[in-house]
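Hydrogens, waters and symmetry mates are skipped; everything else that's a heavy atom, side chains included, is used. A note on names: the letters A, B, ... follow the listed sequences, proteins ahead of strands, and every chain is numbered from 1.
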Number of protein chains: 2
Amino acid sequence: MSIAWDDIRTVLMLVRHRSLAGAADALGVNYTTVARRIRRAEEALGHPLFERLPDGYRPTAAAHLIAQHADQMEDTEHSMMRQLQGIETTLSGVLTLTAPQLLIANFLAPVIEQFTNMHPNIELRILATNTLLDLTRLEADLAIRISRTPGDTLKGLRLLRQENASFASQEIADRIASDPTAMIDWIVYDAYPDLPKGIDAGFPNNRVRYRFDDMVAMLGAAQAGLGVVRMPMFLGRAATGLALVPVLSPQPYADIWVVGHPDVWPSQKLRAFRSILVKYCKTHKQDFVA
Amino acid sequence: MSIAWDDIRTVLMLVRHRSLAGAADALGVNYTTVARRIRRAEEALGHPLFERLPDGYRPTAAAHLIAQHADQMEDTEHSMMRQLQGIETTLSGVLTLTAPQLLIANFLAPVIEQFTNMHPNIELRILATNTLLDLTRLEADLAIRISRTPGDTLKGLRLLRQENASFASQEIADRIASDPTAMIDWIVYDAYPDLPKGIDAGFPNNRVRYRFDDMVAMLGAAQAGLGVVRMPMFLGRAATGLALVPVLSPQPYADIWVVGHPDVWPSQKLRAFRSILVKYCKTHKQDFVA
DNA sequence: CATACTACATGCAAAAATGCATGCATGAGT
DNA sequence: ACTCATGCATGCATTTTTGCATGTAGTATG
């Protein structure tokens with residue numbers, strides 16, 4: 001009566017995903033393999049672990065017990081992998097980075113290029129995403145985040161302070177300049193559906209015209225001349241066809257941080273990347289404020 | 001960059017046993033398999049884990065890091081296996097019991113027989129040993145131990161209080177009875193090399209004649225008429241050819257306990273065994289005291 | 001009622017992992 | 001110097017594991 005560690009992990013995944021296919025995906029194997037490993041585990045333990053119902057596998061109490069412990073084992077594994085990364089000294093292998101897509105497209109691209117040129121043996125993997133990835137699980141080694149604080153248990157470095165302002169197409173900008181009292185149409189972010197605070201008293205007529213849940217889309221809408229958007233300074237400047245409009249005076253916005261798990265932080269690869277990143281940010285500070 | 005859990009376990013075993021063959025034994029595989037799994041792990045991590053020296057594999061820092069975490073994972077696995085045992089309700093499968101050899105041979109045999117008759121589907125595995133097995137690692141499910149306390153973190157039930165006395169062959173017993181002042185030869189246990197305390201004043205001449213490190217051997221020596229041995233009441237009575245000699249008056253000795261890990265303790269199989277065991281002990285109390 | 005979809009079982013061929021036999025290097029014992 | 005034991009590498013045959021193709025049951029959907 002004993003069980004292979006790989007099979008423990010398979011039970012965990014099946015409990016977690018509730019279908020052979022889901023578990024198989026998570027494990028990177030075919031779902032038939034999952035079915036067979038489960039059967040093997042059940043035989044090894046002399047204990048049924050799942051009920052085979054017409055709509056899927058349903059874990060028994062024993063399976064839940066296993067999953068609970070396997071969860072702990074997985075935590076330990078992740079901690080191990082992070083620490084292995086942390087003691088890594090060679091400048092080769094993969095380095096995974098995550099950052100907001102707009103920051104990559106409009107600011108970080110040169111950093112990435114410079115890094116890959118300087119360290120051709122490091123394969124840089126970029127995850128452009130808006131959701132926060134879990135650095136504890138090593139979904140990424142480093143994350144560049146826009147937030148007021150670095151993560152809870154993460155180690156972080158403040159790269160830049162930045163400011164917000166209002167931007168619109170050149171045409172709209174001209175119109176506002178010529179008649180500040182005309183109605184100004186705003187494009188706002190879904191999560192903050194009201195008019196931005198701090199609109200200058202010289203522009204009395206404002207209304208929310210569009211609400212988007214995606215900043216890329218808002219940028220496009222502004223470029224197409226649909227209205228005024230509040231956005232970070234660097235973005236308004238970098239995006240073609242947009243002009244600063246003085247409706248909203250520049251105001252501080254969430255800082256830009258680079259964060260990582262303390263375990264992997266000391267790795268040479270990460271040091272190398274941070275050094276280039278920090279240098280680049282220092283020389284481009286002025287792009288982020290008025 | 002990731003690693004199979006079975007390979008983590010293999011690294012652990014190789015760090016622990018310091019040779020392919022040792023690790024292979026522990027894992028129940030051929031040593032070439034261990035070598036290949038290690039190579040695979042190194043390739044997966046892109047990291048050497050062992051130096052190949054002429055006299056064996058020597059773990060690198062990374063391997064030690066892995067072993068350290070794998071150790072934790074193993075603890076979790078053991079805890080899992082124990083709890084799985086604990087929720088077991090079927091009266092089938094294996095039940096592993098450990099007890100001192102002399103207790104099995106001279107007292108427990110009927111319990112074992114009765115149990116296997118009542119529960120023919122349970123395969124009873126008996127480890128007759130003097131060393132303490134690790135119940136945390138599930139080397140055994142239940143242990144019967146002679147000691148003053150139950151184990152530290154173990155759950156225990158006191159089965160019997162017992163007393164010691166002095167025994168010898170009939171011939172010696174007769175000689176002592178006819179002349180209490182004649183020299184009495186003692187056979188003592190290596191760990192307590194002096195004459196036992198509490199020898200009755202009526203027997204003034206005593207000396208240590210033999211020292212053994214094994215109780216079975218001492219028993220044989222006493223039966224062969226080499227001298228007087230202090231031993232538990234039940235043993236002196238059960239062993240053929242021995243008679244109680246009044247040199248040492250009966251005195252309390254370490255109790256007999258049945259102990260187990262709290263996780264596995266509730267299992268139906270263990271309950272069943274304990275119930276037979278306890279009943280048997282109750283009806284045989286008198287064999288253990290004067 | 002036909003249709004598509006999900007979730008799984010099963011048989012077979014391909015791929016991977018394993019065990020075994022053989023050979024080499026080193027160190028200990030005689 | 002010779003033998004033996006330990007510890008490992010390598011090539012090959014076998015076994016095990018895996019993936020894929022096909023088939024079935026239940027469940028929506030129009």
Side-chain angles (χ1 to χ4, degrees), chain A residues 1-64 66-67 70 73-74 77, chain B residues 1-64 66-67 70 73-74 77:
Chain A
M1 161 136 175
S2 73
I3 180 174
W5 282 16
D6 279 346
D7 290 354
I8 296 177
R9 185 152 177 257
T10 304
V11 171
L12 170 65
M13 289 308 174
L14 184 50
V15 171
R16 223 178 241 168
H17 294 94
R18 290 182 305 281
S19 84
L20 293 183
D25 268 4
L27 291 167
V29 298
N30 189 282
Y31 76 94
T32 49
T33 301
V34 176
R36 283 184 285 232
R37 287 193 190 160
I38 297 299
R39 212 177 318 138
R40 188 172 59 192
E42 288 176 327
E43 276 160 22
L45 299 174
H47 228 289
L49 294 177
F50 294 86
E51 291 177 73
R52 274 74 168 171
L53 299 180
D55 61 334
Y57 275 54
R58 175 160 163 208
T60 63
H64 277 117
I66 293 179
M73 290 173 74
E74 200 190 35
E77 185 214 345
Chain B
M1 160 132 175
S2 72
I3 180 174
W5 284 16
D6 278 348
D7 290 354
I8 296 178
R9 185 152 178 257
T10 305
V11 172
L12 170 64
M13 289 307 173
L14 184 50
V15 170
R16 222 177 242 169
H17 293 94
R18 290 182 305 282
S19 84
L20 293 182
D25 266 4
L27 291 166
V29 298
N30 189 281
Y31 76 94
T32 49
T33 301
V34 176
R36 283 185 285 232
R37 287 193 190 160
I38 296 299
R39 212 177 318 140
R40 189 172 58 193
E42 288 176 328
E43 276 159 23
L45 299 175
H47 228 289
L49 295 176
F50 294 86
E51 290 177 73
R52 274 74 166 169
L53 300 179
D55 61 334
Y57 275 53
R58 176 161 161 203
T60 64
H64 277 118
I66 293 179
M73 292 173 74
E74 199 190 37
E77 185 215 345

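Taking all atoms of both residues into account, the shortest heavy-atom contact from A:Val11 to A:Ala41 is CG2-CB, 4.5 Å. For A:Arg9 against B:Trp5, the heavy-atom pair with the smallest separation is CD-CE2, 3.1 Å. Residue A:Ile8 comes nearest to B:Glu77 through the heavy atom pair CD1-CG, 4.1 Å, listed as atom of the first residue, atom of the second, then distance. Nearest heavy atom pair, residue A:Leu49 against residue A:Glu42, reads N-OE2, 2.7 Å. Annotation for B:His17 and B:Ala26: closest pair CE1-CB, 3.4 Å, computed over non-hydrogen atoms.
A 4.5 Å side-chain heavy-atom check between A:Glu51 and A:Tyr57 finds every atom pair outside the cut-off. In this structure the side chain of A:Thr33 reaches within 4.5 angstrom of the side chain of A:Arg36, judged on heavy atoms.
Between A:Thr33 and D:dG19, a side-chain N or O to OP1/OP2 separation shorter than 4.0 Å is present. Distances shown here put every side-chain N or O of B:Tyr57 at or beyond 4.0 Å from the OP1 or OP2 atom of D:dT6.
In this structure, CG of A:Asp55 is placed 11 Å from P of D:dG26, rounded to the nearest angstrom. As a whole-Å value, the separation of A:Arg52 CZ from C:dA7 P is 16 Å. In this structure, A:Arg58 atom CZ and C:dC8 atom P are separated by 14 Å, rounded to whole Å. Following rounding to the nearest Å, B:Asp6 (CG) and C:dT18 (C1') show an atom-to-atom distance of 13 Å. If you measure from atom CG of B:Asp7 to atom C1' of C:dA16, you get 13 Å, rounded to the nearest angstrom. Residue A:Arg39 contributes atom CZ, which lies 15 Å from atom P of D:dT16 at whole-angstrom precision. The interatomic distance linking B:Ile38 (CD1) with D:dG7 (C1') rounds to 15 Å, in whole Å.
Contacts of A:Arg37 with the nucleic acid, taken as non-hydrogen atoms under 4.0 Å apart, involve only primed sugar atoms and P, OP1 or OP2. The residue A:Arg40 sits close only to the backbone: its heavy atoms come under 4.0 Å of sugar-phosphate atoms, none of a base.
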How would DNA chain D look in dot-bracket form, 5' to 3', counting Watson-Crick and G-U wobble pairs with both distances under 3.5 Å and writing | for bases paired to another strand?
||||||||||||||||||||||||||||||

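Distances from the side chain of A:Arg36 to the nucleotides C:dC12, D:dG7, D:dA9 place C:dC12 closest.
The stretch residues 23-32 of chain B touches DNA chain D through B:Tyr31, B:Thr32, each having a heavy atom within less than 4.0 Å of the strand.
Under a cut-off of 6.0 angstrom, the local environment of CZ in A:Arg16 is crowded, with over 12 non-hydrogen atoms contributed by other residues, nucleotides or ligands.
A donor-acceptor pair is defined here as one N or O able to donate and one able to accept, closer than 3.5 Å; no such pair exists between the side chain of B:Arg58 and the backbone of B:Gly56.
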